[in-house]
Amino acid sequence: MEYNFSEIEQKWQKAWNDANAYAVSNESDKPHYYVLDMFPYPSGAGLHVGHPLGYIASDIYSRYKRQCGFNVLHPMGFDAYGLPAEQYAIQTGQHPEVTTNKNIERYISQLRKIGFCYDWSRAVKTCDPQFYHWTQWAFIQMFNHYYDNVAQKAKPISELVARFEREDPTWATLSEREQQERLMQYRIAYLADTKVNWCPELGTVLANDEVSEGLSVRGGYPVEQRVMRQWCLRVSAYAPRLLEGLDRLDWTDSLKDTQRNWIGRSEGAEMQFLVKSRKSKVESGKSKVESANDDFPITIFTTRADTVFGVTFMVLAPESEYVGRLTTDEQRAEVEQYLAWVKHRTERERIADRKVTGVFSGSYAINPLTNAEIPIYISDYVLAGYGTGAIMAVPAHDSRDYAFAKHFNLPIIPLIEGADVSEQSFDAKEGKMMNSGFLNGLDVKDAIAKMKEYITNTGIGRVTINYRLRDAIFSRQRYWGEPFPIYYKDGMPYPIPEDCLPLELPAVTEFKPTATGEPPLGHAQVWAWDEKNKKVVESRKSQVESGVYPLELCTMPGFAGSSAYYLRYMDPHNNEALVSRQANDYWQQVDLYLGGSEHATGHLIYSRFWNKFLFDLGLVCKDEPFRKLINQGMIQGRSNFVYRYIGEGATGNLYVSYNLINNPEYKDKVQPIHVDVNIVHNDVLDITAFRNWMPEFKNATFVFADGTSSEVEDNPYLGAAMPKQYICGWAVEKMSKSMFNVVNPDDVIANYGADTLRLYEMFLGPLEMSKPWDTNGIDGVHRFLKKAWNMYETVTDEQPTKEELKSLHKLIKKITWDIENFSFNTSIPAFMIAQSELAALKCNKRAILEPFAVLLAPYAPHIAEEMYHRCRALNSQLSTLNSFVIDAQWPELNEAYLVEDTQKYPVQFNGKVRFTLECPKDTPKDEVEKLVLAHEDTARYLAGNTPKKVIVVPGRIVNIVI
RNA sequence: GCGGCAUUGGCGGAAUUGGUAGACGCGCCAGACUUAGGAUCUGGUUCCUACAAGAGUGAAGGUUCGAGUCCUUUAUGCCGCACCA
């Protein structure tokens with residue numbers, strides 16, 4: 001019987017669907033297991049073969065866990081808010097919701113064809129009001145909480161208010177507005193004027209992880225710096241816990257390192273440098289006596305406290321609050337010119353052009369250790385966002401300070417013995433100190449410690465830890481995102497009551513910013529908050545009636561919806577809470593999370609932050625969301641090329657086969673042209689399809705692999721002509737439309753079936769590695785399924801032989817190990833070997849074939865399901881379609897057959913194998929040694945010598961050193 | 001600059017704890033069956049070599065009875081971060 005994959009796959013997909021076979025309950029006596037894929041953004045291009053790689057792996061693991069008796073939560077959903085749908089809306093006027101829903105439909109139909117065991121009843125999409133209800137709700141909680149740095153957890157803002165009332169007598173004297181402004185500095189979700197990444201082309205701000213090398217990650221448009229009033233999330237407050245939490249996670253080291261790097265903890269010290277009042281300096285006798293009151297301290301952060309003796313100047317970031325205060329009248333014009341220049345530079349220019357720039361402020365500070373007067377400069381190599389935005393410059397031991405000192409001709413004092421700083425700085429933290437007062441002679445590490453002690457004792461500073469991680473900017477001047485549940489009264493933000501959620505995204509007809517430069521929500525007719533009646537009303541009413549206030553016009557960024565979606569799957573239809581206590585207690589956390597490593601510094605930080613916040617509020621039971629995480633590699637494209645002849649007499653119509661392009665007559669006379677990989681099979685071009693592909697190839701002629709141009713080979717037999725082969729070249733490139741190398745899983749499924757696609761994606765290589773999609777091997781995998789299928793032609797109830805059982809048990813052991821270790825690629829060879837062994841034994845016994853199908857089921861569920869039922873059909877009582885492979889338990893290992901009764905020991909003399917000793921498998925090491933020495937071959941090879949050493953390895957080998 | 005990962009036949013890749021390197025698949029070669037076909041089956045296929053023998057996991061050292069695997073140095077490629085004080 002033919003392996004009719006499309007019939008089998010359709011039959012079982014329908015059966016699973018009709019029986020609701022993969023619906024999961026929150027109430028079960030079984031142990032729980034939660035397997036999650038990073039949900040996709042449904043792009044207009046649909047899925048290509050790279051997308052399902054991780055989904056297939058997680059599906060295999062889910063099915064396996066289910067077969068092992070676990071209650072497995074394995075959901076899928078859609079990250080539905082995002083820029084592409086909105087950009088498309090701006091261009092076409094098509095509402096993003098329409099486009100998004102269309103794309104989601106397409107994704108679902110593509111995913112269904114691959115045969116995943118998702119519980120579709122739990123599907124979520126972030127743009128659904130029932131879903132973003134809880135995104136908005138979480139935001140309100142963040143607004144209503146502050147981070148208590150002593151307790152290291154979030155606490156209600158009311159507690160902070162109570163503390164102010166109790167401890168701060170000035171609190172009561174503040175106006176409502178002043179109080180609110182003060183609280184704003186503590187809230188976890190807060191409004192602040194911050195320097196943001198502004199992308200003029202997209203008309204919105206972007207978070208740091210959404211910008212790469214001065215360009216937006218989506219679209220690649222230039223990004224500039226701007227100060228704007230924005231919603232921010234106090235992610236930085238959680239930096240210590242985000243860092244420390246990594247130690248308890250089962251993630252790869254590289255991903256943990258990426259996060260550690262991004263969080264960027266550095267131990268150091270803050271120190272105060274007193275700025276000499278310039279007035280008293282410039283003119284001491286003339287005006288009234290300017291006292292030391294005019295002196296003020298600037299705080300700097302350093303990790304090299306040991307180098308204070310070498311500080312010869314200071315540098316402030318151009319955005320530093322001290323700049324205005326420090327600039328002297330004489331320097332003001334120059335400073336302002338510099339500030340203007342810095343401001344107009346885009347981030348990209350700043351990165352590309354790293355020449356030394358800066359300006360003297362006119363002021364001097366006092367080095368607290370040497371009492372030397374040191375000039376204060378302003379330069380954009382000091383970042384406002386890191387540390388205090390001010391540094392002490394040690395040119396001898398910091399390369400950036402060194403370059404600056406050389407440029408401005410500032411003194412350089414070497415502090416480490418033997419360090420030559422005439423050409424470059426000595427940055428390494430090693431060596432013995434000199435020119436450093438009481439630090440002289442100490443090793444750098446000891447000097448740092450001693451200086452920290454000194455700083456603490458004298459009170460000129462304090463030991464502190466600095467983090468690179470910054471607060472997340474949470475406002476987007478965009479339409480297609482979650483609206484903020486916030487309205488403004490007297491310019492101050494207030495959350496709308498929780499029982500009024502969700503605050504639904506209003507309809508608009510224009511997706512561009514308004515004429516006055518407001519975000520697109522400014523176009524909404526109905527977008528104002530009636531405080532008394534607790535409802536959204538027409539925008540214009542806020543102008544006239546009292547009690548009606550404008551609503552926030554920004555929306556939330558993409559990561560808002562994806563930060564807690566894994567919790568929602570636990571309890572997706574709950575209208576009372578994000579997730580019920582009971583559901584959360586049952587599922588606990590995501591046991592296995594699969595997705596790309598590109599989310600390392602975005603989604604995976606934000607999710608952990610969000611989860612920790614909810615944990616602080618006692619709403620979730622685990623403080624980390626994802627216990628084990630695996631990054632699947634990217635699937636690159638494998639492009640194919642034809643080679644157009646452009647040499648002498650070229651007509652532009654002649655294409656040379658790849659194997660010939662280095663021949664003298666064609667070398668450097670051909671031009672590679674991308675050809676659609678879908679009309680190439682195993683690098684052989686389908687000539688007819690090529691001619692029909694595009695008009696310019698309609699009259700194409702070829703030099704075929706054999707070097708001739710005639711399309712028909714002389715045929716010694718009568719009849720049909722033999723088509724000749726044109727070989728294409730290839731290269732690994734990004735999978736994209738313009739390279740004509742996009743492979744759609746639908747096409748693979750149509751030609752080979754979903755089971756072949758699943759198996760082949762796994763066979764391609766290790767899950768975590770990047771690899772090109774190369775269809776050349778797919779036939780081999782498909783052939784395996786066909787051969788396996790043929791074994792189920794007739795199934796008998798005969799007793800299996802020992803050999804057959806051994807083959808099966810070897811397979812059970814291997815597949816179990818593979819799945820537990822996510823080594824899916826090595827399973828396919830194991831199946832192939834077992835299949836060929838069983839076929840050689842002509843095995844058609846149910847006792848073997850039924851477990852074989854069970855083992856295959858996670859990888860190729862449709863064919864396995866059919867095989868399984870063919871086995872069960874032997875017994876008519878079991879032949880109903882109501883039981884599925886998923887009900888069958890993973891086969892138990894039978895140790896008796898797994899291991900051979902005898903063990904073979906290859907015996908080596910000085911590394912060369914001379915004979916093989918066979919003995920009972922449990923023979924102890926020293927017994928093996930005795931048997932080897934007693935062997936007749938041993939005596940022959942020893943030839944009277946005594947062996948120096950006999951090594952019996954627990955595995956197999958016996959090594960004799962003569 | 002800092003951090004991480006990789007490097008094995010013509011190709012993708014196996015080798016799970018340091019123990020017969022090259023599993024399995026592709027491709028290629030030979031054969032079988034066939035009114036020749038992009039079907040199926042069988043055998044072969046790291047390199048060098050007529051054989052025997054030898055060499056061999058980017059390179060060079062080291063540890064070990066034994067190294068693709070561990071250590072040191074180094075080369076190349078990929079990824080992440082980057083005036084982070």
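Annotation: B/U7 and B/A21 have their C1' atoms spaced 16 Å apart (nearest Å). A gap of 15 Å separates the P atoms of B/U69 and B/A15, to the nearest Å. B/G9 and B/A59 are spaced 10 Å apart, taking the P atom of each and rounding to whole Å. Straight-line distance between the C1' atoms of B/U72 and B/C83: roughly 33 Å, to the nearest whole Å. Spacing of P atoms, B/C81 relative to B/C47, comes out at 42 Å, to the nearest Å. For the C1' atoms, the distance from B/U46 to B/C11 is 13 Å, rounded to whole Å. Nucleotides B/A6 and B/G10 are separated by 23 Å at their P atoms, to the nearest Å. With C1' as the reference atom, B/U74 and B/C28 are 37 Å apart, rounded to whole Å.
Between the side chains of A/Asp471 and A/Ser236, a donor-acceptor pair is found at a separation under 3.5 Å. For the residue pair A/Thr357/A/Asp380, the side-chain donor-acceptor check at 3.5 Å is satisfied. For the residue pair A/Thr826 / A/Asp818, a side-chain donor-acceptor distance below 3.5 Å is found, with atom types taken as modelled. Counting only N and O atoms by type, the side chains of A/Tyr752 and A/Asp779 include a donor and acceptor under 3.5 Å apart.
Distance A/Gln424 CD to B/G1 P: 11 Å, rounded to the nearest Å. Look at CG on A/Leu785: it is 14 Å from C1' on B/C24, rounded to the nearest Å. Following rounding to the nearest Å, A/Ile828 (CD1) and B/G25 (P) show an atom-to-atom distance of 12 Å. One can place CG of A/Asn631 at 16 Å from P of B/G4, the figure rounded to the nearest angstrom. Remark: P of B/A85 and CD1 of A/Ile391 are 11 Å apart, rounded to the nearest angstrom. Atom pair A/Asn821:CG and B/U16:P shows a separation of 11 Å (rounding to whole Å applied). Atom CG in A/Leu383 sits about 6 Å away from atom P in B/C83, given to the nearest Å. Atom-to-atom, NZ of A/Lys787 to P of B/C24 comes out at 11 Å; the value is rounded to the nearest Å.
The closest donor-acceptor contact from the side chain of A/Asn367 to the backbone of A/Val308 lies under 3.5 Å. Proximity of a side-chain donor or acceptor of A/Arg758 to a complementary backbone N or O of A/Tyr859 within less than 3.5 Å is detected. Under a 3.5 Å cut-off, the side chain of A/Ser399 and the backbone N or O of A/Ser425 do not form any donor-acceptor pair.
Aromatic ring orientation, A/Phe404 versus A/Tyr381: tilted (interplanar angle from 30° to 60°). Relative ring orientation between A/Tyr64 and A/Tyr61 is described as tilted, the plane-to-plane angle lying within the 30° to 60° band. A/Tyr377 and A/Phe313 have perpendicular rings, their planes meeting at more than 60° on a 0 to 90° scale where under 30° would count as parallel. Between A/Tyr386 and A/Phe301, the ring planes lie perpendicular to each other; the angle is over 60°, past the 30° to 60° tilted range. Note: A/Tyr760 and A/Phe763 have tilted aromatic rings, judged against thresholds of 30 and 60 degrees for the angle between ring planes.
Residue A/Val315 is classed as having no contact, given no heavy-atom separation below 4.0 Å to the nucleic acid. Using a 4.0 Å heavy-atom cutoff across all strands shown, A/Asn261 reaches at least one base atom of the nucleic acid.
Nearest to the side-chain atoms of A/Phe301 among the listed nucleotides B/A85, B/C24, B/C26 stands B/A85. Considering only the side chain of A/Val382, B/A85 comes nearest among B/G38, B/A85, B/C24. You'll find that the side chain of A/Asp380 is closest to B/C83, out of B/C83, B/C41, B/C81. Of the candidates B/G38, B/C41, B/A85, B/G38 carries the atom nearest the A/His681 side chain, counting heavy atoms from C-beta on. Listed nucleotides B/U16, B/G25, B/A85 differ in distance to A/Tyr386; the shortest reach to its side chain belongs to B/A85. For A/Trp262, whose side chain is taken as the heavy atoms from C-beta onward, the closest listed nucleotide among B/G25, B/C81, B/C83 is B/C81.
In this structure, A/Arg783 reaches the B/C26 phosphate: one of its side-chain N or O atoms is under 4.0 Å from OP1 or OP2.
Counting only Watson-Crick or G-U wobble pairs whose defining distances are both under 3.5 Å, the stems of 3 or more consecutive pairs in RNA chain B are B:1-7 with B:75-81, B:10-12 with B:24-26, B:27-32 with B:40-45, B:58-62 with B:70-74.
The stretch residues 464-472 of chain A comes close to RNA chain B through A/Arg468, A/Arg470, each having a heavy atom under 4.0 Å from the strand. Using a 4.0 Å cut-off on heavy atoms, the residues of residues 249-260 of chain A that approach RNA chain B are A/Ser254, A/Asp257, A/Thr258, listed by number.
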List, with names and distances, any nitrogen or oxygen atoms from the protein found under 3.5 Å away from nitrogen or oxygen atoms belonging to nucleotides 8-14 of chain B.
from, atom 1, to, atom 2, distance (Å)
B/G12, O2', A/Leu764, O, 3.1
B/A14, OP1, A/Asn825, ND2, 2.9

Return a table of donor-acceptor pairs under 3.5 angstrom between the side chains of residues 390-397 of chain A and protein atoms on other chains or two or more places apart.
from, atom 1, to, atom 2, distance (Å)
A/His397, ND1, A/Phe426, O, 2.8
A/His397, NE2, A/Leu415, N, 3.0

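Nearest approach of A/Pro375 to A/Thr312, heavy atoms of both residues: CD-O, 3.4 Å.
A/Arg608 forms a cation-pi arrangement with A/Trp251, by the criterion of a distance under 6.0 Å to the ring centre and an angle within 45° of the ring axis.
Shown here, B/G58 is classed anti by the O4'-C1'-N9-C4 or O4'-C1'-N1-C2 angle, which is more than 90° from 0.
Where A/Trp817 and A/Tyr760 meet RNA chain B, the nucleotide closest to each residue was compared, and A/Trp817 sits on the side nearer the 5' end.
Legend: residues meeting side chain to side chain donor-acceptor pair (under 3.5 Å) with A/Asn4, ordered by chain and number and at least two apart, are A/Ser6, A/Glu7.
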